[in-house]
Peer 1: 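Mind looking over this structure? Questions follow.
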Amino acid sequence: MDRIRAPALSYQRKKQKGMHSPNLSCSYEIKFNKLVIFIMQRKMGKTRRTFLMELARRKGFRVESELSDSVTHIVAENSSHLEVLDWLRGQTVGDSSKFELLDISWFTACMEAGRPVDLEMKYRLTEQDQSPPLNIPESEVPSFIASKVSQYSCERKTTLNNYNKKFTDAFEIMAENYEFKENELFCLEFLRAASVLKFLPFPITRMKDIQGLPCMGDRVRDVIEEIIEEGESSRIKEVLNDERYKSFKQFTSVFGVGVKTSEKWYRAGLRTLEEVKADKTLKLSKMQKAGLLYYEDLVSCVSEAEADAVSLIVKNTVCTFLPDALVTITGGFRRGKKIGHDIDFLITNPGPGEDDELLHKVVDLLKKQGLLLYCDIIESTFVKEQLPSRKVDAMDHFQKCFAIFKLYQSRINNSSYNTSKNFDMAEVKDWKAIRVDLVITPFEQYAYALLGWTGSRQFGRDLRRYATHERKMILDNHALYDRRKRIFLRAGSEEEIFAHLGLDYVEPWERNA
Ligand code: DCT
Ligand code: MG
């Protein structure tokens, strides 16, 4: 028997190679007369449907392009029993109960077997399909109904417990590749899909598991399908082997290097960081020079113990000048992550009056103590009463400092730092370079700044998108503006901001979207 791959996969391969759709005028001998198949285009797309129909005909099945009373088996993909019945109600056929309603997995099994396979329960679309897939942990079942999953991550509670890492890692590689190509739309498509799968309370093992979920476009589904069927994705492998991706990945891992600089270096013929370092004609910014100088330390992750140690230094230094100041760790560490690429701090003064010089004083003292390897202070560009920014990824207007701290091992709790005098200290590097962001915010904007800087990035993007599209409001890291009432909505806490938006409160550790 000519064993074939699952049809979806062959379809993908053809699509990758840019092959044309098969010639439908060919006629094939019908081997299985007892059944007449109709494949629903809904949630499948025309090209895939055409391909599957052709495949089945080639295998000797009778497949109708139009739904008629002669059809016996209806095949649907990513559709529930209820959705198929709804669709059938709109068609001009007699009694719809005469059709066998089947999931695409039945069709796939037939194609693999080269003959019609039994209509086992697992292939049938039944009313029970409205309930979640069988592999969901019992305790999670009541809270999970795919069609109720919001397209906005701010309406989902996403902890760090990711059951679908192999898919979300793949999506993040796809997204990164599109980011390098400055294709924002496709990049966001994969980031949103990754965010939905991070929320799922079970690992997906079959296409049916993503049925009804938002943000599962064709490109995303193709990757999922391949990983389910083959354990890995050929697209991801292609990206990981792509010369441009590999170079951009290296370049953008340097502090101060973004897509624009990477593009410039790549166009200049540079491919690796060694080549960048060796090229004396390149004009590097101060930030990029520091990024290259401390590269090894900066690419190694920051641990929680290191974050605590830096936090102590920052708090002590700030309090020397403003004893009542509030210093808060934000970013991934506030969301409960155990490691990060940097440490983000928000600094605010709840007392009366502001000290515009605070950040400069803090930085000067840290420098004097030999604790700063690099710093770049950006002054505030905030203008009172200006409308929040509509740009989803725009930088905010706070005064801030992008720094590299010199963290001595001796300051880290439980460090394995060896204080023995037996070896020559001059030979040993007893510190680590650590990326730190210090952000100064006026107290009345603190709640908005905290919400924005806690992230995750995707959570923040969706909050802003939700505010714009669902509430006619504009949200950024400084304020929330109600466009209908034409007023700014004040908030003293994150809870109040969620309430203004009409959203249930989401705890920081549930924002890992
Ligand atoms: N953020 C922001 N404006 C910026 C930069 C960041 O509002 N100009 C938000 C988005 C997420 C949060 O601040 C922290 O940013 P990162 O440090 O980049 O992300 P992270 O979640 O802390 O992740 P990591 O662990 O990699 O640092
Ligand atoms: Mg961070």
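Indexing begins at 1, ligand by ligand and atom by atom, following the structure's order. Counting from 1, the numbers follow the sequence of the chain as shown. Values reported hereafter were calculated over all heavy atoms of this structure, with side chains retained and with hydrogens, waters and symmetry mates removed.
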Peer 1: Closer than 4.0 Å to some heavy atom of D342 - which atoms of ligand 1 meet that?
Peer 2: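 So the answer, numbered in order with elements, is 17 (O), 27 (O).
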Peer 1: As an exercise, identify every atom of ligand 1 less than 4.0 angstrom from a heavy atom of G452.
Peer 2: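 Near G452, the atoms of ligand 1 are 7 (O), 9 (C), 10 (C), 13 (O).
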Peer 1: At less than 4.0 angstrom from any non-hydrogen atom of M395, what atoms of ligand 1 do you find?
Peer 2: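 So the answer, numbered in order with elements, is 8 (N).
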Peer 1: Tell me whether R271 forms a cation-pi arrangement with Y266, defined as NZ or CZ under 6.0 Å from the six-membered ring centre and within 45 degrees of its axis.
Peer 2: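 Checked: cation-pi criterion met.
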Peer 1: In terms of side-chain heavy atoms, does R461 have a donor or acceptor partner in S456 at a distance below 3.5 Å?
Peer 2: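 No - no donor-acceptor pair under 3.5 Å links their side chains.
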Peer 1: For atom 3 (N) of ligand 1, what's the nearest protein heavy atom and its distance?
Peer 2: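 So the nearest neighbour among protein heavy atoms is W453 CZ2, 3.9 Å.
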Peer 1: Can you sort out which atoms of ligand 1 are near G331, meaning under 4.0 Å from one of its heavy atoms?
Peer 2: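 Every atom of ligand 1 under 4.0 Å from some heavy atom of G331: 14 (C), 22 (O).
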Peer 1: Give a yes-or-no answer on whether the side chains of Y446 and T328 include a donor-acceptor pair shorter than 3.5 Å.
Peer 2: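 Looking only at side-chain atoms, T328 and Y446 do form a donor-acceptor pair, the distance falling under 3.5 Å.
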Peer 1: Does one side chain, of E379 or H360, offer a donor that lies under 3.5 Å from an acceptor on the other?
Peer 2: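 E379 vs H360: donor-acceptor pair found between side chains.
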Peer 1: For R335, take its heavy atoms, then give the atoms of ligand 1 lying under 4.0 Å from any of them.
Peer 2: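 Those of ligand 1 that fall under 4.0 Å from R335 are 21 (O).
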Peer 1: Considering only protein heavy atoms, which is closest to atom 6 (C) of ligand 1, and at what distance to one decimal place?
Peer 2: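 In this structure, atom 6 (C) of ligand 1 has R457 NH2, 3.5 Å as its nearest protein heavy atom.
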Peer 1: Just to confirm, does any protein heavy atom lie below 4.0 Å from atom 19 (O) of ligand 1?
Peer 2: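 Given the 4.0 Å cut-off, atom 19 (O) of ligand 1 does not count as touching protein heavy atoms.
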Peer 1: Quick one: pull up OG in S303 and CD1 in I339 and give me the separation to the nearest 0.5 Å.
Peer 2: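 If we round to the nearest 0.5 Å, S303:OG and I339:CD1 are 9.5 Å apart.
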Peer 1: Could you measure the distance from the OG1 atom of T317 to the CG atom of D364? Nearest 0.5 Å is fine.
Peer 2: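 Spacing of OG1 (T317) from CG (D364) equals 11.5 Å.
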Peer 1: Give me the nearest non-hydrogen protein atom to atom 11 (C) of ligand 1 as residue plus atom name, then the distance to 0.1 Å.
Peer 2: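 Of every protein heavy atom, G455 CA, 3.8 Å lies nearest to atom 11 (C) of ligand 1.
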Peer 1: With a 4.0 Å cut-off, would you call K148 and E155 a salt bridge?
Peer 2: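 No salt bridge links K148 with E155.
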Peer 1: F255 and Y374: aromatic ring centres closer than 6.0 Å?
Peer 2: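 Here the rings of Y374 and F255 have centres that are less than 6.0 Å from each other.
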Peer 1: Is the F180 ring parallel, tilted or perpendicular to the Y245 ring (thresholds 30°, 60°)?
Peer 2: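 It falls in the tilted class, 30° to 60°.
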Peer 1: Under 4.5 Å between any side-chain heavy atoms of W509 and L160, yes or no?
Peer 2: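 No. Closest side-chain heavy atoms not under 4.5 Å.
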Peer 1: Can you find a pair of side-chain heavy atoms, one from K181 and one from R244, that are under 4.5 Å apart?
Peer 2: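 Counting from C-beta outward, K181 and R244 do come under 4.5 Å.
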Peer 1: For atom 22 (O) of ligand 1, what is the nearest protein heavy atom, given as residue, atom name and distance?
Peer 2: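 Checked against all protein heavy atoms, atom 22 (O) of ligand 1 sits closest to G332 N, 2.8 Å.
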Peer 1: For G340, counting its heavy atoms only, list the atoms of ligand 1 lying under 4.0 Å from any of them.
Peer 2: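 In order of numbering, the contacting atoms are 25 (O).
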Peer 1: Nearest to atom 26 (O) of ligand 1, what protein heavy atom do you find, and at what distance?
Peer 2: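 The protein heavy atom lying closest is H341 ND1, 2.8 Å.
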Peer 1: If we set the cut-off at 4.0 Å for heavy atoms, which region of N477 has an atom near ligand 1: side chain, backbone, both, or neither?
Peer 2: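 The answer is the side chain of N477.
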Peer 1: Identify, by atom number and element, the atoms of ligand 1 in contact range of D344, meaning under 4.0 Å from any of its heavy atoms.
Peer 2: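 Going through ligand 1 atom by atom, the ones under 4.0 Å from D344 are 14 (C), 17 (O), 22 (O).
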Peer 1: Let's test this: below 2.8 Å, count the protein N/O/S atoms around the Mg ion (ligand 2).
Peer 2: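 The number of such protein atoms is 2.
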Peer 1: Out of Y152, F498, F459, which one pairs with Y466 under the ring pair (Phe, Tyr, Trp, His ring centres under 6.0 Å) rule?
Peer 2: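 Of Y152, F498, F459, ring pair (Phe, Tyr, Trp, His ring centres under 6.0 Å) with Y466 is met by Y152 alone.
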Peer 1: I need the nearest protein heavy-atom contact for atom 25 (O) of ligand 1: residue, atom name and distance, please.
Peer 2: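 Ranking protein heavy atoms by distance from atom 25 (O) of ligand 1, first comes K337 NZ, 2.8 Å.
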Peer 1: I'd like to know if G460 contacts ligand 1, where contact means a heavy-atom distance under 4.0 Å to any ligand atom.
Peer 2: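 Contact absent.
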Peer 1: Applying the side-chain hydrogen bond (donor to acceptor under 3.5 Å, both in side chains) criterion to W453, which one of D396, T441, D344 satisfies it?
Peer 2: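 Going through D396, T441, D344 one by one, the side-chain hydrogen bond (donor to acceptor under 3.5 Å, both in side chains) with W453 is satisfied by D396 alone.
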Peer 1: Indicate the ring-plane relationship of Y178 and F186, choosing parallel, tilted or perpendicular according to the 30° and 60° boundaries.
Peer 2: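 Answer is perpendicular, since the angle exceeds 60°.
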